[in-house]
Structure formats: C-alpha cells, structure tokens
**Q** 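Below is the structure I would like to discuss, written out as structure tokens.
What you see below is based on every heavy atom in this structure, not just the backbone, and it leaves out hydrogens, waters and symmetry mates. Note that this is a predicted model, so its numbers are computed, not measured.
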Amino acid sequence: REREVCVCREGEVKILPGPSPHRRDSPPQLHVRGSTSLCRMSSRDSERQPLLADHGFINSSSVVVVEEGSLSGSVSSPTRATNGHGKHHGHDQYAASARPSADSTGHGAIPLLEPGSRLASIYVLSSMSLGVGVFVLPAVFNDIGVGVSLFVLVGFAFWSDRCQRWLLQSALSYDPPLHSYDELVTRTLGWLGNFLLTFFTAFSLLVGNAGHMKTVVGLLHDIMEWYINGSYGHVKQTKPKQLVLYIGLLGAVLPFCAAKTINSLRYISTASVTVVVVTCLWITGECLFWYWPQGHHEFSGANASPWAVWDLTTLVANVPAIAFVYSSTFCMFPVYSELKERNYAEGTRLLSISNCICCLGYLVVSLIGVLTFGQHVTDEPENPGQTAPSYLYDFPPEHYVVTFLCFLIVVVITMLYPVINYPYVEAVICIIHMLPIPAALDYRRAFLRWSGHRLVISLVGMVLVVNLNLSMDNLVSLFGLCGAYGLGFVCYIIPSLVRLFHFPRPGAPHGPFSVASRVLALCSVATMLTIIAGFTTTLF
C-alpha cells in the first residue's frame, strides 16, 4: 500500500481491489502466481527478509515483489497499482507482466545526462533508431530513386509521430493515466492485442539482432581477409565459414544472454550509438571534403542515381527497410514515465524532436552517399560489379580510419546482442504465460522455475538468427523483414487499432477522439497491411 510493487519476471501479480475476507479494514491484497520471491522491505533500510516463496494471498502493506538480482524501474510502472501517493485505484483485476527497464537492458541515458531531463529523453528516444541500418539505406535510395526515398523517409517520420501521439493520448485519457504500452493495449484490445504486441516485439528484436549479426559477420570476414592478404573479396564467404564466425561471436556473448541481469553491459548501447554516429560523421566528411573536391561525385549523368523508379516490385521490396528507421515507440512509455514534467505537450514535443533527428540523420548520410557514388553506391571498389552488403564498402580498406571504425562496429554490435536479447527473452516468457495450454500438459511453471530457462530461450533465438541469416543473402531484405512485420505491427498497426477501438469516457482529457482521426487510423492499418503483403510477395 505504501511501497512500490515490482513485478517478478517469472510470475504474475494481480492487484485485487477491495477489503480482505479476513479483516474489514485491511488493505488490498496481492495475488501472486508463478515462481516468485516475496520479501519484506524495512522502512528504515533496504534489508530484505524472505517472506514467501510460493503462490497464495498475502497482505500488500510493506511488501515488495523481487527476484534474485535487481529489477528496478520496470517498464510496467508501479503506477499501475498506485497513483504515485500510495493510494490504490480500484480497477478490475489486472495481470501485470514484467518488462525490462531501460537501465537494466543497457538502453539508459549516458552518464553525463540527468535522467528525466529533456536531453536525456531525446537521447534515449533517438538512440533506439540509430544503428547499423543507416549504412544500408543508401542502397535503398539508389534502388527506388532519390526523390521517392526522400518522400517515403519523411512520410514515415510523420506517420510514426502520429501513431505515437495516438498512443500517448489514449494512455492519458484513462483515469488514472496508463504508463506502459502493454497495459494500454490490454485495456483497449484485450488478450489478442497484448499477444500480438508481445509476439511482434519478440519478432522485431530477434530479426533486428539477425540484421546486426549479418552485418558484423560480413565486416569481420572481409577485415580479416584484408589484414592477411592485403585485399578482400577474393575469398568467398561460404556458409560453413559464416557458420564458424556466427558460432564464435555468439558463443562469446552467450554467458551474458543467460544472465538474469546485464548491468555490466548497461553502457554498451551508448557505446554502439557513439561508434555508429562517429562513423557516419567520418564517412560523410570524407565524401564532402575528400571525394567532392577531387571531382568524385555523381550529381548528374549516366552514373547518377535515378530520381524515381516506378517499378512496383522494387518499391515494395525496399520501402519496409525505411520503416525500420523509426523504432522509438519501443521506449516511449518508459521515457515518458521518467520525465520531470509529464504532460501531453512535453511528451509529444520530445517524440517529434527525436523523430526529426532520426529522419535528418538517415537523410543526410544516404543523400550524401548517393550523390558521391551514384549507382555505384552498392559496388565494392576491390571487386567492381559485385554488390556490397552495405555503404561502408564504398571506402577502400586503405582508408584506415574507416577500417578501424568498422572493426569497432564489429565489437560493439556483437556486445549489443545480449542487450537486445534481454527484452527478447522477457517477451518470450510473456508469450509462454499467454499460451492456452491444457492443464495436463502445462509444464510452464516447472520450466520457468528451472535456472536454465533463459539459456534455452537464448540458444533457440541464436539458432533462429543463424538460420535466418544463412537463408537470406540480401541485407536490405533482412532489415525490411523487421520493418514490415516487426515494426509494422508494433509502431503502426497496433497504435492505429488502439485509436480505432478506444472510446474515452465522457469528460476524459484528450477526448473524445474525432471521427476524422479514426478514419485516418483505419487508413494507417490498411496502408501498412498493404506494404506487408507487397513485401511478402518479394520474399518468395
């Protein structure tokens, strides 16, 4: 009643409003199900004393639900049960599933920024979208045309911003306001909506990790070949050779994936974003101040990238890769919950700024790339006519700064794998809880209480990542798969469905929603489903 309640990731906690059947004036109770560890927290110090290690009914005063390690600042905010002043709100029974916090998964703000400040919030929102996908986008600009790509890139920025505004409006229209994405979807769309959100969240994280590892393995293979032979591209990357690299890299990070907490990697996300940003600045500077003064540019002529390509197959195959750019929806609610000034205007302002930063960053890197190399932006200088996996291959290995930055990308992106794997494991655990399994065949509790369940889930994810990468040679298609199915549902379809099916109570803030906004939401769902269907036809 007077303490925050953290939800154990291995079980569920239900807030039961109303008095206890044993005492008329007792506080609300907690119904605990699953493998949990309940401890009593002293009001004077942080000493934890075991209280209960099984399911049952307990009094909720002075009780904190914890587990081995730490689970602080959960995305499933404690405000689900309280209004911030320790007073319980009497809604219906609500089953809360655990979500990792920003700090515990390595996606926290950099140490120099104060948590909850505007700069820290903008950084966290923007860093979710700044990754190695930026080095694939120049190929998309060349394939579908510069003008079409600019239009789609800016269009997705407005589209993503609108969907995020719908989510925030819907969450704030509840009394009390909701502070997590999964809670909003559960209250609005029910079990099916929450299952779709959790499933496609896991799918996005898994395929995103696959795209990262495919980029890393390709870079590492070519860097080693250049280091030994003085050039690269002459030793073919056969599937057995790639498999050896996957096993070595993933085996190195497997102990972190099996851990219950990854606090030791909490700054890896900051390191990866820093390396990617520095690489973007350096290669853009090389184009502007090294290539262009020497007349090496393709502003016009036969080798210039086309302004528009009106081939429908090429268009639907590349557009989802642009949707991959905007992924800040994953962390918008945790960021909003940490804001010092929590209101709709401040939240939407920060979301718009982060979307503009991501749009501008991807636009500048891609546009400078195609203006410098034109239709050769996807060619390898060491092997003319051979398609390169990413834009980084346009710079010869003798440009040692770029080569060293590529090596740093291999290191930090490999170490980023367990950071992304952590919420993936959490999402899979939530899916396991949601599945309707007959009682006679229900071994979920035994599996999740087993100490090796995180290792098993991580190993299964690694096997899927390796098989997916070995079966897909096109890196653009891999990022497009994540953009279409993963981000397509999490960032566009589900927010639009929330807008369609949420009807705020009379007098609620930010309501009622206009008919025009609901029609726009319907068009949003139809458009993304069309993009997904078109992209799917290009895979087979």
**Q** Around atom CH2 of Trp292, are there more than 12 heavy atoms from other residues, nucleotides or ligands closer than 6.0 Å?
**A** yes
**Q** Applying ring pair (Phe, Tyr, Trp, His ring centres under 6.0 Å), run through Phe479 and Phe324 and close with a yes or a no.
**A** CA-CA 7 Å; Phe479 283 114; Phe324 183 76; 4.9 Å; yes
**Q** Side chains of Thr270 and Tyr123 only: does a donor on one sit below 3.5 Å from an acceptor on the other?
**A** yes
**Q** Taking the side chain as everything from C-beta on, heavy atoms only, tell me whether Phe203 gets closer than 4.5 Å to Val490.
**A**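 Side chain of Phe203 against side chain of Val490, heavy atoms only: no contact under 4.5 Å found.
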**Q** How long is the span from the SG atom in Cys406 to the CD1 atom in Ile413, to the nearest 0.5 Å?
**A** 11.5 Å
**Q** Do His453 and Ile429 touch side chain to side chain, with heavy atoms closer than 4.5 Å?
**A** yes
**Q** Short question: side chain of Ser354, backbone of Leu125 - any donor-acceptor pair under 3.5 Å?
**A**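 Side chain of Ser354 to backbone of Leu125, a donor-acceptor pair under 3.5 Å: no, none is there.
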**Q** Calculate, to the nearest 0.5 Å, the distance between atoms CG and OH belonging to Leu150 and Tyr362 respectively.
**A**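 Reported to 0.5 Å precision, the distance equals 15.5 Å.
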**Q** Would you say Ser160's side chain and Ala157's backbone share a donor-acceptor pair under 3.5 angstrom?
**A** no
**Q** Can you check whether Leu153's main-chain N or O pairs, donor with acceptor, with Tyr326's side chain at less than 3.5 Å?
**A**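 Confirmed, Tyr326 side chain pairs with Leu153 backbone.
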**Q** Do Tyr492 and Thr329 get their side chains close enough for a donor-acceptor pair, meaning under 3.5 Å?
**A**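 On atom types as modelled, these side chains do not qualify, holding no pair under 3.5 Å.
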**Q** Mind running side-chain contact (heavy atoms from CB on, under 4.5 Å) on Val278 and Leu408 for me, showing each step along the way?
**A** CA-CA 11 Å; Val278 170; Leu408 289 181; over 6 Å; no
**Q** Over all heavy atoms of both residues, which pair between Ser366 and Leu137 is shortest? Give the atoms and the distance, please.
**A**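 Smallest heavy-atom distance, with atoms named: OG-CB, 3.3 Å.
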**Q** Are side-chain N/O atoms of Tyr246 and Asn469 paired as donor and acceptor at under 3.5 Å?
**A** yes
**Q** Identify the heavy atoms of Gly211 and Thr215 that sit nearest to each other, and give their distance.
**A**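 Scanning both residues, the minimum pair turns out to be O-OG1, 3.0 Å.
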**Q** To the nearest 0.5 Å, what is the distance between OG (Ser496) and CE (Met528)?
**A**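 Rounded to the nearest 0.5 Å, the OG-CE separation comes out at 8.5 Å.
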**Q** Run the ring-centre check on Tyr417 versus Phe256 and record whether the distance is less than 6.0 Å.
**A**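 Ring-ring flag for Tyr417/Phe256: false, centres at least 6.0 Å apart.
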**Q** Atom CG of Leu481 and atom OG of Ser204: how far apart are they, to the nearest 0.5 Å?
**A** 9.5 Å
**Q** Please examine the side chains of His179 and Tyr336, heavy atoms only from C-beta on, and report whether any two atoms are closer than 4.5 Å.
**A** yes
**Q** Can you find a heavy atom in the side chain of Pro423 that is under 4.5 Å from one in the side chain of Thr201?
**A** no
**Q** Distance-only, no hydrogens or angles: does the Ser327 side chain make a donor-acceptor pair with backbone N or O of Met128 under 3.5 Å?
**A** yes
**Q** Heavy-atom count check: over 12 atoms from other residues, nucleotides or ligands less than 6.0 Å from Lys239 NZ?
**A** yes
**Q** Is there a side-chain contact between Leu350 and Met332 (heavy atoms, below 4.5 Å)?
**A** no
**Q** Do Asn229 and Val235 have side chains that approach each other closer than 4.5 Å (heavy atoms only, starting at C-beta)?
**A**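 Contact flag for Asn229/Val235 side chains = yes.
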**Q** Within the side chain of Tyr422, is there an N or O that forms a donor-acceptor pair under 3.5 Å with the backbone of Lys260?
**A**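 Yes; judged by distance alone, with no hydrogens or angles, the pair exists.
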**Q** Can you tell me if Thr198 uses its side chain to pair, donor with acceptor, with the backbone of Ile431 under 3.5 Å?
**A** no
**Q** A side-chain contact here means heavy atoms from C-beta on lying under 4.5 Å apart; do Lys236 and His221 qualify?
**A**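 The answer is no; the side chains never approach within 4.5 Å.
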**Q** What pair of heavy atoms forms the shortest contact from Val410 to Thr414, and how long is it?
**A** O-OG1, 2.6 Å
**Q** Mind listing the closest non-hydrogen atom pair of Cys287 and Tyr391 along with its distance?
**A**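 Scanning both residues completely, I find the closest heavy atoms to be SG-OH, 3.3 Å.
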**Q** Are the side chain of Gln375 and the backbone of Ser305 linked by a donor-acceptor contact shorter than 3.5 Å?
**A**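 It does not hold such a pair.
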**Q** Donor-acceptor pairs under 3.5 angstrom involving side-chain atoms of residues 309-322: please list them, not counting sequence neighbours.
**A**
residue: Asp311; atom: OD2; partner: Thr314; partner atom: N; Å: 2.9
residue: Asp311; atom: OD2; partner: Thr314; partner atom: OG1; Å: 2.7
residue: Asn318; atom: ND2; partner: Thr314; partner atom: O; Å: 2.7

**Q** Residues two or more places apart in sequence or in another chain: which of them pass salt bridge (Lys or Arg N to Asp or Glu O under 4.0 Å) with Arg165?
**A** Asp161
**Q** Do side-chain atoms of Thr284 reach the backbone of Leu281 as a donor and acceptor pair under 3.5 angstrom?
**A** no
**Q** Are the side chains of Phe135 and Cys280 in contact, using a 4.5 Å heavy-atom criterion?
**A** yes
**Q** Output, in order, the C-alpha distance, side-chain angles, deciding distance and verdict of side-chain contact (heavy atoms from CB on, under 4.5 Å) for Asn209 and Met462.
**A** CA-CA 9 Å; Asn209 253 342; Met462 288 180 176; over 6 Å; no
**Q** Say you draw a straight line from CD1 of Ile420 to OG of Ser272; how long is it, rounded to the nearest 0.5 Å?
**A** 8.0 Å
**Q** Looking at every heavy atom in both Thr403 and Trp226, which two are closest together, and how far apart are they?
**A** CG2-CZ3, 3.8 Å
**Q** Rounded to the nearest 0.5 Å, how far apart are CD of Glu346 and CD of Glu341?
**A**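 So the CD of Glu346 and the CD of Glu341 are separated by 5.0 Å.
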**Q** Please check this pair: side chain of Glu225 against backbone of His234, looking for a donor-acceptor N/O pair closer than 3.5 Å.
**A** yes
**Q** Counting only heavy atoms not in Phe299, do more than 12 fall under 6.0 Å of its CZ?
**A**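 Yes, because the 6.0 Å sphere around CZ of Phe299 holds more than 12 heavy atoms from other groups.
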**Q** Yes or no on side-chain contact (heavy atoms from CB on, under 4.5 Å) for Tyr424 and Asn421, after CA distance, side-chain angles and deciding distance?
**A** CA-CA 5 Å; Tyr424 160 75; Asn421 181 77; 3.5 Å; yes
**Q** Between Leu416 and Val412, is the side-chain contact (heavy atoms from CB on, under 4.5 Å) condition met? List the steps.
**A** CA-CA 6 Å; Leu416 189 66; Val412 297; over 6 Å; no
**Q** Which atoms form the tightest heavy-atom contact between Trp159 and Ser524, and what is the distance?
**A** NE1-OG, 2.7 Å
**Q** Hey, which of Trp290, Trp282, Phe373 is the one that makes ring pair (Phe, Tyr, Trp, His ring centres under 6.0 Å) with Phe395?
**A**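 Between Phe395 and the candidates, ring pair (Phe, Tyr, Trp, His ring centres under 6.0 Å) is satisfied uniquely by Phe373.
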**Q** Counting N and O atoms only, with roles assigned by atom type, does the side chain of Lys214 sit under 3.5 Å from a partner on the main chain of Leu475, one being a donor and the other an acceptor?
**A**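 Absent.
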